[in-house]
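Note on naming: letters A, B, ... go to the chains in the order of the sequence lines (proteins, then strands), and numbering restarts at 1 for each one.
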Amino acid sequence: MRKRVNIRMSGLGGQGVVTSAHVLATAASKEGKHAISNPFFGAEKRMAPAESYVRIAGERIYDRGELVYPDVIMVFHPQVITLGKCYTMPFYSGIKAGGILMINSDEPLPLSNDDLGFLDKMNVPIFYVPATTLAVEIAGTELATNMSMLGALMGATKIVAMEAMEAALQDRFGKKYVASGGTATLDEAIKKKFAKKEQLLAKNMDTIRRGFDLGVAWAETIKTPMLV
Amino acid sequence: MEANSVIGTINKKGQKIVDPEYLFFEAPRQQHFMTGSEVVREAIRRASVDISVAYPITPQSEAAAMVGDLYVEGYVGDYFRGESEFAVMSQCAGASFGGARVFTTTSGPGTLRAYENFPMWAGSRLPILINVMVRGINSPLNIQPDTLELGMILDTGMLIWHAETAQELLDYLLKGYIVAEEPDVHLPIAIVIDGFFVSHTKDMVMIPSADIALPPYNPYRSPVPCMDMEVPPVRMMRDPFVMKSNYISYATHASWQQEIRAAIERSRKHTIRLIGGLIEEENSDAEILIVSSGTAVAQGREAIRLLAEEGIRVGIVKVKTLRPFPHEEIRQATKNAKLIFVPEFNVVGWMAREIKAVIPDNHRVIDGPHVAGGMTMPPEVIVEEIKKVLAGKKEVVHG
């Protein structure tokens, strides 16, 4: 059990890394844990590098800003690695020993031997999550990629319970939410895809549950799973 | 409260106007998990604001847009977008001259573009509240937090309070109006937060009910007449008087600027009562202290935890108000310290300069660590700096 879990989410603009961080932190907070989430991005445009950070602990957290030493790194798009669309280079920079690296990809990426060697030395297993494929399959839109990533994280680490996540999603999508221009536009786009908010919530939860099952199965294959 | 008190009356949104003391200290509060931008909306919802003018610049755009929502909902009297930050601040001045309670927000390059207005606001005794969400201002372009702009507004004649958390942001926004509008103060006030690290960060905040609000601004408590700058006691604008080069015009100008500085000092008694002192101390009897403001303090708190695990005892002095600057409080709090570290989110170290200027034996002040251009300050960086100095590996630069 770690005293504090630091999660760095690294993705591309429009994939929902900022939303995921806020939702995860809200879920943790609903469980009575202390949580802080904040984003890091440049110009608000799709496909530009975007990062967000979640810190979860049993005691008051003061730390904020860019997360330099994460326990978990979630890579939402292979291009973060393959095209270097990342604010933090290399993409695993600062990972703590015994941490987890989650990558959204249907198959392992051609990482260099140096990278693999470093991760092995740090005892950091790589969890490849077919997050976009799952999102398209279950929710019918790649915009739910962040939901499968969150589900996979929850399954692999048990960081928050499903009920708390459901309540957090209700908070975020179930009522009027004021966000910046880009996020608001994406919200509108996705709401049109699902005629009703309830349907949006249900599809999100379905996607999270499938990711969760993958996470549970993956954790069983790991010698020392990082349960939090 | 004076005669014709509005306390207990109901405003057009159905909010009960309550005594500020009740809103600040007695009203029940509920826990919310929200971003700093959302916290701004909730503060302004309860602040009886007459006019807000907005111009979008990251990271304050979200908060400004949310205040626009409050206008649509009827909580803010009027709201519009200015043509530029300079225009916004001029329009805020106009509204304040007219007797309105004014709110606006700014960030980084916007703050600099608006700059000419700030000393004008102070000189005109306009109690405008501006939420400054600091960000990088120099090239290369950056939108992340950097407190360089704060160093530049220190001497405009405004009151400046620097919040560390979303909770302080909420409380300072509401309490700021009450202090700024005191007749013996009556100055503009900047409530400052570090952009993104507070504005875009979700954190726990305790908020009083939305059905109560502060009493509206009473312009007749102003020490200078509203919209009349040509009659005593100020007579600031009359052409022959101000523009002619003679001794009496110089003397008037100089004494008026001193009066503004004196008004900043007079704000102490109100501020100390409302925000519980101008500084906050934790283990300040330690020989090693961290002294700073804003989220540099938050990172310092994490650093002292890490150092405590290694048996190194470090204390913190948090500076809550930059103007008035807590000279005496800092002198007292640092009197036993052997080393005073001043972590800052800027490259110039204006906070270290301020501290060095007010304490004896100021070779004790270590100007750093610094991060700039929006870089975060991991607690480990503060820890490393402290350990380097303790090990004698880093030369202490005397300032």
Q. Of all the residues in residues 133-148 of chain B, which have a heavy atom that comes within less than 4.5 Å of a heavy atom in chain A?
A. B:Ile143, B:Gln144
Which region of [X], side chain (C-beta onward) or backbone (N, CA, C, O), has a non-hydrogen atom less than 4.5 Å from a non-hydrogen atom of chain A, or is it both or neither?
X	value
B:Val198	both
B:Phe33	side chain
B:Glu380	side chain

Minimum heavy-atom distance [X]-[Y], with the two atoms named:
X	Y	result
A:Tyr69	B:Pro378	CE1-CB, 4.2 Å
A:Pro39	B:His200	CD-O, 3.1 Å
A:Tyr62	B:Glu302	N-OE2, 2.6 Å
B:Asp203	A:Ala35	OD1-O, 4.4 Å

Q.
Quick check for you: among B:Thr295, B:Thr376, B:Thr165, which has the greatest number of heavy-atom pairs under 4.5 Å with chain A?
A. B:Thr376
Q.
Evaluate B:Glu309 against A:Lys3 for salt bridge (charged side-chain N to carboxylate O under 4.0 Å, His left out), listing each step before the verdict.
A. CA-CA 13 Å; B:Glu309 284 171 13; A:Lys3 271 167 79 178; 3.7 Å; yes
Q. Between atom CZ of A:Arg55 and atom OG1 of B:Thr201, what is the distance when rounded to the nearest 0.5 Å?
A. 8.0 Å
Q: Nearest 0.5 Å please: distance from the OG atom of A:Ser29 over to the NE2 atom of B:His32.
A: 11.5 Å
Q: State whether the number of non-hydrogen atoms from other residues, nucleotides or ligands found under 6.0 Å of A:Glu142 atom CD is greater than 12.
A: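 Counting neighbours around CD of A:Glu142, 12 or fewer heavy atoms of other residues, nucleotides or ligands fall under 6.0 Å, so no.
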(Q) Is it true that, when you exclude B:Gln30 itself, more than 12 heavy atoms of the residues, nucleotides or ligands shown sit nearer than 6.0 Å to its CD? (A)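 Count not over threshold, so no.
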Q.
Would the distance check show the side chain of B:Gln299 and the main-chain N or O of A:Arg64 forming a donor-acceptor pair, the cut-off being under 3.5 Å?
A.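 Judged by distance alone, yes, a pair lies under 3.5 Å.
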Q. Hey, do the aromatic rings of B:Phe197 and A:Phe40 have their centres closer than 6.0 Å?
A. no
Q. Which is it for A:Thr26 and B:Lys202 under the side chain to side chain contact (heavy atoms under 4.5 Å, CB included) test, yes or no, and what are the steps along the way?
A. CA-CA 8 Å; A:Thr26 306; B:Lys202 272 205 174 207; 3.4 Å; yes
Q) Which bit of A:Ile61 comes within less than 4.5 Å of chain B, counting heavy atoms only: side chain, backbone, both or neither? A) both
Q: Side-chain contact test, heavy atoms from C-beta onward, threshold under 4.5 Å: evaluate it for A:Ile36 versus B:Met204 and give yes or no.
A: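 Not touching, per the 4.5 Å side-chain cut-off.
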